[in-house]
Amino acid sequence: MSSNPVAETVASLMPRARAELTELVAFKSVADFDQFPKSESEAAARWVADALAAEGFQDVALLDTPDGTQSVYGYLPGPAGAKTVLLYAHYDVQPPLDEAGWITPPFELTERDGRWYGRGAADCKGGVIMHLLALRALKANGGVPVHVKFIAEGSEEQGTGGLERYAEEHPALLEADTIVIGDAGNFRVGLPTVTATLRGMTMMRVQVDTLQGNLHSGQFGGAAPDALSALIRVLDSLRAKDGTTTIDGLTPDASWDGLQYDEEQFRKDAKVLDGVELIGDGTVADRIWARPAVTVLGIDCPPVVGATPSVQASARALVSLRVPPGIDTDEATKLLQAHLETHTPWGARVSTERIGQGQPFSADTTSPAYAAMADAMTVAYPGQEMQYAGQGGSIPLCNTLAALYPHAEILLIGLSEPEAQIHAVNESVSPQELERLSVAEALFLRNYAAS
């Protein structure tokens, strides 16, 4: 990327980017305050606010959102009459899961084999740094040619909708001509990609109760209804024998027309064990981008160590359902709830509670902003053309912004390519991707301003 002043500037800023990402990753900003101190999230929010202020942003504010978290806002004025671009990222992260599974500590940015490891390095603290790098590169090469609004969310990973509700209550705050969501990722390292669709998501807690209390399995087992077994049966009903999601009333056979995902490459990306089959039918792209997918995220039951010979009176699970474009999440949630209630065996008492929800999203890829991004990515990734892909994950804010600002163009880019292993142990970011995408975003802002 030499001979391009913007690329040269970004390259010179990479040591600073690493130092800043090290600071940001160090905050244990998991927005589940039953597990992690709220002070860690608040400190991360202040870090982002201070970074914006240092770059000359005005009206920098910590916004107290309805879910008890903070989003960080700032406004950087551009030339008179310029277009307005909203840059989005989130500073909250997933829990580190099993810290023993991390080769290096999850909240210490560590370089290994050419990648930077740490929780949030790619998803999405790296996105915050990407936006800052792009703006710094433009400031060093003639200035930022658009008005910039910057928003960093504090609870995206929890799906509790704090920023969504805040935006609905303050609709002028995030209004823009174009919105760049820095929370997606390239199809693979080195292949510039915009995400054209997102699956929506609903999370539901299901509890099964059968007895007033646990019973001795020798004295009562065989006739007393076991709540844990009942829960296992109802969860198993959510999948067909081949693993296809089977929720009564929900169509499982849509297809993806676009960039395809080679099955062997997917096995490598997903680190599927030798001899273990993939689940579902159709192409991989069909399964992860165009069809509903249910996942059991956790089960409350006695751990193996310390378990007693008891018939369980109660058991609980957290179930996630990813909802593809073309299906309304509200309707999918009702179908999931009805399915769980219908398929619970033995007359066991079942209760369900929805704890998070977001609609699927489809972008208009024919808009001028996409043409500007395609040109920018061709420069940032020499010899490569921008690709369009789906993403199985959910960013509920996208639909809120699309509803609030129907004329705004929305682009999704980011650092969460398959090797990043977001949401898993040993999450990492490719510094080369951070560098190239920062160049692409800077050139996009310049192209878009001139369009």
Side-chain angles (χ1 to χ4, degrees), residues 1 4-14 16-17 20-21 48 51-52 55 57 74 76 78 82-90 122-152 176-186 189-195 363 365 367-382 384-388 395 398 408-417 429-451:
M1 291 187 293
N4 182 316
V6 168
E8 292 170 357
T9 300
V10 171
S12 72
L13 291 171
M14 287 303 292
R16 179 181 178 185
E20 290 181 324
L21 188 56
V48 177
L52 295 182
E55 295 301 323
F57 276 77
L76 184 68
K83 298 173 183 176
T84 299
V85 177
L86 174 67
L87 303 180
Y88 167 91
H90 62 85
D123 183 23
C124 180
K125 291 176 176 179
V128 173
I129 303 301
M130 178 184 72
H131 292 325
L132 292 174
L133 279 172
L135 296 174
R136 289 167 181 162
L138 288 173
K139 288 168 67 177
N141 290 278
V144 180
V146 295
H147 304 297
V148 175
K149 293 180 178 181
F150 194 113
I151 190 71
D177 298 297
T178 283
I179 299 166
V180 179
I181 305 289
D183 191 24
N186 287 343
V189 172
L191 184 65
T193 311
V194 291
T195 298
T365 58
S367 65
Y370 276 83
M373 183 62 81
D375 290 342
M377 283 188 162
T378 299
V379 175
Y381 291 81
Q384 298 283 356
E385 292 188 3
M386 185 177 79
Q387 303 293 315
Y388 300 88
I395 307 175
C398 284
E409 303 174 69
I410 300 178
L411 298 96
L412 294 101
I413 62 173
L415 301 162
S416 298
E417 36 74 28
V429 68
S430 162
Q432 290 76 29
E433 289 288 78
L434 174 59
E435 182 176 342
R436 287 180 290 210
L437 282 168
S438 299
V439 172
E441 182 167 281
L443 296 177
F444 159 74
L445 292 173
R446 185 179 282 177
N447 293 347
Y448 182 63
S451 65

Quiz item: Can you check side-chain contact (heavy atoms from CB on, under 4.5 Å) on V180 and E441, steps first, answer last?
Solution: CA-CA 9 Å; V180 179; E441 182 167 281; 3.6 Å; yes
Practice problem: Could you go through the side-chain contact (heavy atoms from CB on, under 4.5 Å) check for Y388 and Y370 one step at a time? | Solution: CA-CA 10 Å; Y388 300 88; Y370 276 83; 3.9 Å; yes
Quiz item: How far apart are the C-alpha atoms of S451 and K83, what are their side-chain angles, what is the distance that settles it, and do they pass the side chain to side chain donor-acceptor pair (under 3.5 Å) test?
Solution: CA-CA 10 Å; S451 65; K83 298 173 183 176; 2.9 Å; yes
Practice problem: Carefully, step by step, assess Q432 and E435 under the rule side-chain contact (heavy atoms from CB on, under 4.5 Å). | Solution: CA-CA 5 Å; Q432 290 76 29; E435 182 176 342; 5.6 Å; no
Exercise. Given side-chain contact (heavy atoms from CB on, under 4.5 Å), test N186 with Y381 step by step and report yes or no.
Key: CA-CA 12 Å; N186 287 343; Y381 291 81; 3.1 Å; yes
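The line from NE2 of H131 to SG of C124 is 6.5 Å long, rounded to the nearest 0.5 Å. Note: L138 CG to R446 CZ = 6.0 Å, rounded to the nearest 0.5 Å. Rounded to the nearest 0.5 Å, atoms SG (C398) and CG (L412) are 4.5 Å apart. Here the straight-line distance linking atom CG of D183 with atom CG of L415 works out to 9.5 Å at 0.5 Å rounding. Note: E385 CD to L191 CG = 10.5 Å, rounded to the nearest 0.5 Å. L445 contributes atom CG, which lies 6.5 Å from atom CG of L135 (distance to the nearest 0.5 angstrom).
Looking at E20 and R136, a side-chain N of the basic residue comes within less than 4.0 Å of a carboxylate O on the acidic one, giving a salt bridge.
Residues I129 and A17 approach most closely at CG2-CB, 3.8 Å, considering heavy atoms. Scanning both residues, A376 and A440, for their nearest heavy atoms gives CB-O, 3.3 Å. Between A137 and V10, the shortest heavy-atom contact is CB-CG2, 3.6 Å. When all heavy atoms are compared, the tightest approach of P145 to A82 is O-CB, 3.5 Å. Summarising the geometry of T9 relative to A140, their closest heavy-atom pair is CG2-CB, 3.9 Å, with the distance given to 0.1 Å. Among all heavy-atom pairs drawn from T193 and G185, the shortest one is CB-O, 4.2 Å.
Remark: the D177 side chain and the H147 side chain contain no N/O donor-acceptor pair separated by less than 3.5 Å.
By the 4.5 Å heavy-atom criterion applied to side chains, T378 and M386 are not counted as neighbours. At least one side-chain heavy atom of M373 sits less than 4.5 Å from a side-chain heavy atom of V194. Residues L132 and E55 are in side-chain contact: their nearest non-hydrogen atoms beyond the backbone lie under 4.5 Å apart. Using a 4.5 Å heavy-atom cutoff, the side chains of V439 and V379 are not in contact. When side chains are defined from C-beta on, L87 does not count as touching M130, because their heavy atoms never get closer than 4.5 Å. By the 4.5 Å heavy-atom criterion applied to side chains, T195 and I413 are not counted as neighbours. The closest side-chain heavy-atom distance from V85 to K149 is not below 4.5 Å. Contact annotation: the side chain of M14 approaches that of P431 to within less than 4.5 Å [non-hydrogen atoms, C-beta and beyond].
Judged purely by atom type and a 3.5 angstrom limit, E409 uses its side chain to pair as donor or acceptor with the backbone of A369. For the pair K125 (side chain) and A89 (backbone), a donor-acceptor distance under 3.5 Å is absent.
Aromatic ring pairs are classed by plane angle as parallel below 30°, tilted from 30° to 60° and perpendicular above 60°; the pair F444 and Y448 is parallel.
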